[in-house]
Amino acid sequence: MLDNRGGTFYKAYTRCCINFITLRLKRNCMRFSRMYLPTLKEEPAEAEVISHRLMLRAGMVRRLAAGIYSYLPMGLMALRNVEAIIRQEMNRAGAQELLLPAVQPAELWQESGRWDFYGKELLRITDRHQRNFCFGPTHEEVITDLVRHEVRSYRQLPLNLYQIQTKFRDEIRPRFGLMRGREFIMKDAYSFDVDDAAAGISYQGMREAYSRIFSLCGLDFRAVEADSGAIGGSFSHEFVVLAESGEDAVASCQACAYAANVEKAEGRFAAADKCAADAAAPAAAAVATPDRESVESVAAFFKVDPGAILKSMIFESDRGFCLVVVPGDREVNEIKVKAALGAEWLEIPAPSRIADELGLPVGYLGPVDTVLPLLVDRQVPELEAVVCGANRHGFHLQGVIWGRDFSCNKVADLVQVRAGDRCPRCGGLLQIDRGIEVGHIFKLGTKYSEKLKATFLDQEGQERPLVMGCYGIGVGRTVAAAIEQHYDENGICFPYAIAPFKVALLNLDLKSAEVTAACEALYAELEGRGIAVLYDDRNERPGVKFKDADLIGAPLRLTLGRKSFERGIIEARLRDGSSNAELPLADRAPLWSLLAELAADDSRIPS
RNA sequence: CGGGAUGUGGCUCAGCCCGGUAGAGCACUGCGUUCGGGACGCAGGGGUCGGAGGUUCAAAUCCUCUCAUCCCGACCA
């Protein structure tokens, strides 16, 4: 039979293969009547952010447990589209795809030191032999382990490996649907280089690839400087999609290119011409201020600006207790405090603990004659004759002067920037926007390669640790972010590139053989051109079809009913409402050029 | 983990205060009418009221415990 190349078996087999391939090509075309696409007319009660609501209503996802979601066909299609863009751009940038295990042995995490450090977010699992494993929240350990066994020489570098895979982080509070799930799909890439300079080139390459990826996804985003958090490392950028519902806040300069997460952002601080403490100034005096525990109420009491009050807060870290002092009109930035202390963890102890263990009254804390180590914001020494708590219940000190009444050699930038602060680069005005972090790139350095002994021999035969970088993209979050940025009161308005269906074809008159035949013909042609189309052939009233078409957000809606058929036209309406044209039924050319325009318009990459 | 709330047909919710027959709308099935922006009529199917315990002649309703989910704060793609 194997030799029967020209025979009937072979022909049948060939036809079978061709059918299979054709079916594969058509996988993104569907009849609505056959598709598992459970749309919801009513608002699901559990969802509060737009993307979550719309993804539930549009039949893209369903919740299985807190922070754990099933992707239905529509949702998966959107996800695959984002993945395709990611793959294309990662491969273009020279990265290679692989797939690492989701479940990882505890030993590796103990070796890197993160088994204890990562905390409760690490979902730990025990197998039948009582061996410890975890469900991977990230893959630095695994990739480093893989590479250390294979990479021996500088000749094998640079190397950039990535995967698209399910992660699990046991978030304290999962919320917002796919925006902060516990189980989520992430593209993570890891680069390995010979030295810091080469690692910088890898980092830059990823930065460019990320910009292309998010541009291709049709997103309005910013690449901003960021804190590197638990992953560690020296340098990092976040890619933030601007959206009202975002959990992150980004400070950006209105005059130059500076942009940073507010956790990281610095305001320029002009060291004013500070006059030395005036010895003649009256001594600080204690004033009874009963029930004045907030900065606002104290400011009102003394009839001064909140900026002339010192806000004093006790923090506890692995370095012990510490009193942090900032101007009263400022918020403390805990990330900066943590960095200034060089602490591993940081928290605000409960007022009861402060009272019991330190004997101090919250609401009346101050830096004068305190027993606690001080940490002072750099703006504090510039203030004169300020008010602060007297460390005595019901009393504040007035006329307190830096350098005379208290001082401290630990002075640092500790406050959160706010709109109107000055840019640290150019002095321009900073503005604050909310956004969703969809990508994050880190320069890791040798943190993991040293711990896991991933080394190579350089040109001089010296053994050196690999210099690493790591680069993540939340794939599901990117889909959600795209929806947050592209919707209206009727539903999703997908950017063309990630739209599960590019075209929604509505047959408004199933009973008419001619209309149906025209729709079927058009459907087949769109299919033949590889355009993802959802053909609404359901026996439903027109209103239902319009509502569903709007909800699922196909960029182009083609409508054919009896009236339009008799006039020889198809109605072509863009989902974003920007155009509503009548195309001739007899001539397809205008339709093809419209579709080509849509596709091209959306794939622009800003230089 | 702290603070707040909610669990009642598939979905959205009423009923709970003041204990006594489990309800509405949507969805689903059948028939008929309708048919360019989520139609209408008639007839149906579907619920151990999150779970356990208690009080009571009697519990969706009151009490205790428990589980789950959601919202506000500390983590992160």
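Protein chains get the first letters and strands the later ones, always in sequence-line order, with residue 1 at the start of each.
Distance CZ (A/Arg62) to C1' (B/rC11): 10 Å, rounded to an integer number of Å. Between the CE atom of A/Met179 and the P atom of B/rC75 there is a distance of 18 Å, rounded to whole Å. In this entry the distance linking CD of A/Glu334 with C1' of B/rC75 reads 12 Å, nearest Å.
With P as the reference atom, B/rC18 and B/rA22 are 23 Å apart, rounded to whole Å. Nucleotides B/rC57 and B/rG45 place their P atoms 36 Å apart, quoted to the nearest Å. For B/rG51 and B/rA59, the C1' atoms lie 15 Å apart once the distance is rounded to whole Å. Comparing the C1' positions of B/rU55 and B/rU61 gives an interatomic distance of 13 Å, to the nearest angstrom. For the C1' atom pair drawn from B/rU69 and B/rC11, the interatomic distance equals 16 Å after rounding to whole Å. Distance noted for atom C1' between B/rG44 and B/rA27: 14 Å (whole Å). Comparing B/rU8 with B/rG4, their C1' atoms are spaced 22 Å from each other, to the whole Å. Rounded to whole Å, the C1' atom of B/rG3 lies 28 Å from the corresponding atom of B/rC49.
At the heavy-atom level, A/Lys511 lies under 4.0 Å from base atoms of the strands shown. Residue contacts for A/Asp188: at a heavy-atom cut-off of 4.0 Å it reaches no nucleic acid atom on any strand shown. Residue contacts for A/Thr478: at a heavy-atom cut-off of 4.0 Å it reaches no nucleic acid atom on any strand shown. A/Asp550 comes within contact range of at least one nucleobase, with a heavy-atom separation under 4.0 Å. Residue contacts shown for A/Gly561 include a base, since a base heavy atom lies under 4.0 Å away. The residue A/Arg173 sits close to a base: some heavy atom pair falls under 4.0 Å. Nucleic acid contact class of A/Gly67 (heavy atoms, under 4.0 Å, all strands): none. Within 4.0 Å (heavy atoms only), A/Val438 reaches sugar-phosphate atoms of the nucleic acid but no base atom. Among the protein residues, A/Glu238 comes within range of no part of the nucleic acid, since none of its heavy atoms lies under 4.0 Å from any strand. Among the protein residues, A/Asn539 comes within range of no part of the nucleic acid, since none of its heavy atoms lies under 4.0 Å from any strand.
Under the side chain to side chain donor-acceptor pair (under 3.5 Å) test applied with A/Glu171, the options A/Arg180, A/Arg182, A/Lys120 reduce to a single match, A/Arg180.
The aromatic rings of A/His440 and A/Phe442 sit parallel, their planes meeting at an angle under 30°, below the 60° perpendicular limit. Aromatic ring pairs are classed by plane angle as parallel below 30°, tilted from 30° to 60° and perpendicular above 60°; the pair A/Tyr203 and A/Tyr471 is tilted.
Between A/Lys451 and A/Glu141 there is no salt bridge, since none of the side-chain N atoms of the basic residue sits less than 4.0 Å from a carboxylate O of the acidic one.
Listed pair A/Arg175 / B/rC71 fails the phosphate criterion, with no side-chain N or O lying under 4.0 Å from OP1 or OP2. Residue A/Lys41 has a polar side-chain atom (N or O) positioned under 4.0 Å from OP1 or OP2 of B/rA27. An OP1 or OP2 oxygen of B/rU33 is reached within less than 4.0 angstrom by no side-chain nitrogen or oxygen of A/Arg541. Taking only side-chain nitrogens and oxygens, A/Arg182 never comes nearer than 4.0 Å to OP1 or OP2 of B/rC75. Using a 4.0 Å cut-off, no side-chain N or O of A/Arg169 falls inside it from OP1 or OP2 of B/rC76.
Residue A/Tyr487 places its OH atom among 12 or fewer non-hydrogen atoms of other residues, nucleotides or ligands, all under 6.0 Å distant. Remark: A/Gln96 CD is loosely packed, at most 12 non-hydrogen atoms of other residues, nucleotides or ligands lying under 6.0 Å away. Counting heavy atoms of neighbouring residues, nucleotides and ligands inside a 6.0 Å radius, atom CD of A/Glu331 does not exceed 12 of them.
Counting only heavy atoms from C-beta on, A/Ile172 has its side chain closest to B/rC1 among B/rC70, B/rC1, B/rC71. Here B/rG37 is the nucleotide among B/rG36, B/rU12, B/rG37 with the atom lying nearest to any side-chain atom of A/Arg557.
By the 4.5 Å heavy-atom criterion applied to side chains, A/Asp170 and A/Phe135 are not counted as neighbours.
Taking a centre distance below 5.5 Å and an interplanar angle below 30 degrees as the stacking criterion, A/Phe546 does not stack against the six-membered base ring of B/rG36.
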> Taking only Watson-Crick and G-U wobble pairs with both distances under 3.5 Å, what dot-bracket line describes RNA chain B, where [ ] shows pairs that cross earlier ones and | shows pairs with another strand?
Replying inline: (((((((..((((......[..)))).((((((.....)))))).....(((((..]....))))))))))))....

